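Labels below follow one simple rule: chain letters A, B, ... track the order of the sequence lines, proteins then strands, and each chain is numbered from 1. Predicted model only: the values in this text are computed from it and were never measured.
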Amino acid sequence: MSPGERKVLVVPCSGIGKTYGTVSREAAYEVTEDLRPGATGLVALSLLVLGDEDARAAVRAHPAVTIDGCKLACAARMVQESGGHVTQGIAVLDVYRRNRELKPQGIAELNEGGILLAHAVAEEIIAVVDGVLAGEEGSTHA
Amino acid sequence: MPELPGRKVGIVACSGEELAEGTVTRLAALKVLEQLRPGETVTICLPLFLAGGEGDRAFARFYPTIAVDGCEKRCAARATELYSGKPAASVVVSDLVREAGLERPEGARRLNESGRQAVVVTADRVAGLVDDLLGGQWSRRSGSFVGTAATTEPAGTPQLGCACASAIPVQTVDVDGRAVALAALPLIFEQLRAAGKAPGPEVTGELLATVRIYNDVPAGTDEAYAVALEREYAAYCGQELART
């Protein structure tokens, strides 16, 4: 991913201890593989934890949407600590509170509620992505 | 002896999202935690070493830890060593895949057949390491094995027990003008008081000896630590008395 590319980065927490971490991961894949594959890129949080220079450079060069599964907000904090800008931090729990019928279960494998919740998270992300890229396009043509 | 978290092995997976091998680490770790060794293992999210508190950073000193990495960048092993403690053992999925003669896994989101086989191979290796590590004598003070070491690969060559909500309790105390975070101190205080031991020189000696099991007390600082611990324990007992 070159710094000049117009992309929004998606950084999920992928928390391993709770189902919401798996929802964050699934939502990130849905956005980057299915919904907006050309306009988004995925950054592995473990690389930011380790301070990998390429990953740090990527989050400094592109707007980022973070997805967190718990209140500790590891993904948002790591992007900020890496010098990046969190355009929108999405908390899976907040999305769940707005969609109580989508109760996620399972960590290794999500149930149907979890898959649908991930889809709801993904929909919120693409609204942000589209808005950011439309804004960038507008400023380019101004 | 305070009732501290039981003898378990920590597992830290890189969970790298952009590689199929990262997904293998995650699913293999979960297989060990949930199916293969559920009562003997605990995990923590890697970023908590930075985003969490002292209790999270104490993880790899309290639990002999196995780092499970997807690739040669070894984010889990290196970050664990950098922020918590040296992993007792470490595995890299790409190495295990080669050893097992598997095709390279594909499909970070949905693993292909080779990826699913890699999960089984990795989980089996990790479970074996768990058994080895439980057979060794782990020092929580130094974060390493003492006496007969477990038969594992040394680090550097290549009901789900989640620790993120149950970090090791830590209390920061003033030792001779320096703030020192002491792992397990709240539990140690609680146990001593429950045993009916009032603050005083005799108990302070016992307190220091117990604190030393779980923390590094530098040489030549015993007196300063004793003063601090006696003061803090007296304060704790006073607070508890006022509460009742």
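In terms of the side chain to side chain donor-acceptor pair (under 3.5 Å) criterion, B/Glu40 has no residue partners (sequence neighbours excluded). A/Ala118 pairs by the side chain to side chain contact (heavy atoms under 4.5 Å, CB included) definition with A/Val23, A/Glu26, A/Ala27, not counting sequence neighbours.
Rounding to the nearest 0.5 Å gives a distance of 10.5 Å between CG of A/Leu50 and SG of B/Cys14. How far OG1 of B/Thr43 is from CD1 of A/Ile107: 9.5 Å, rounded to the nearest 0.5 Å. With values rounded to the nearest 0.5 angstrom, B/Asp56 atom CG is found 7.5 Å from A/Leu72 atom CG.
For A/Glu109, no part sits under 4.5 Å from any heavy atom of chain B, backbone or side chain. Using a 4.5 Å cut-off between heavy atoms, A/Thr32 does not touch chain B at all. Only the side chain of B/Leu27 comes within less than 4.5 Å of a heavy atom in chain A; its backbone stays farther off. Of the two parts of B/Tyr83, only the side chain, counted from C-beta on, holds a non-hydrogen atom closer than 4.5 Å to a non-hydrogen atom of chain A.
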Given side chain to side chain contact (heavy atoms under 4.5 Å, CB included), test B/Leu50 with A/Met78 step by step and report yes or no.
CA-CA 8 Å; B/Leu50 286 181; A/Met78 289 313 308; 3.4 Å; yes

Show your working on side chain to side chain contact (heavy atoms under 4.5 Å, CB included) between A/Ser46 and B/Lys73 and close with a plain yes or no.
CA-CA 10 Å; A/Ser46 54; B/Lys73 287 191 174 181; over 6 Å; no

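Here the shortest heavy-atom pairing between B/Pro47 and A/Leu45 reads CG-CD2, 3.4 Å. The two residues A/Ile16 and B/Ala29 make their nearest non-hydrogen contact at CD1-CB, 4.0 Å. Considering every non-hydrogen atom in both B/Cys45 and A/Gly15, the closest pair reads SG-CA, 3.6 Å. The heavy-atom pair separating A/Cys74 from B/Ala51 by the smallest distance is SG-CB, 3.8 Å.
For A/Glu112, the CD atom counts as loosely surrounded, since its 6.0 Å shell holds 12 or fewer non-hydrogen atoms of other residues, nucleotides or ligands. Counted within 6.0 Å of CZ on B/Arg104, heavy atoms from surrounding residues, nucleotides or ligands total 12 or fewer; the atom is thus considered open. Around CD of B/Glu103, the count of heavy atoms belonging to other residues, nucleotides or ligands within 6.0 Å does not exceed 12.
Heavy-atom proximity under 4.5 angstrom to chain A picks out B/Gly16, B/Glu17, B/Glu18, B/Gly22, B/Thr23 from residues 16-24 of chain B. Chain A is approached within less than 4.5 Å, heavy atom to heavy atom, by B/Ala108, B/Arg109, B/Arg110 from residues 105-112 of chain B, ordered by number.
For B/Arg26 (side chain) and A/Ala108 (main-chain N/O), no donor-acceptor pair under 3.5 Å exists by modelled atom type.
With A/Val49 as the partner, the side-chain contact (heavy atoms from CB on, under 4.5 Å) test is satisfied by one option alone out of B/Thr80, B/Leu82, B/Leu46: B/Leu46.
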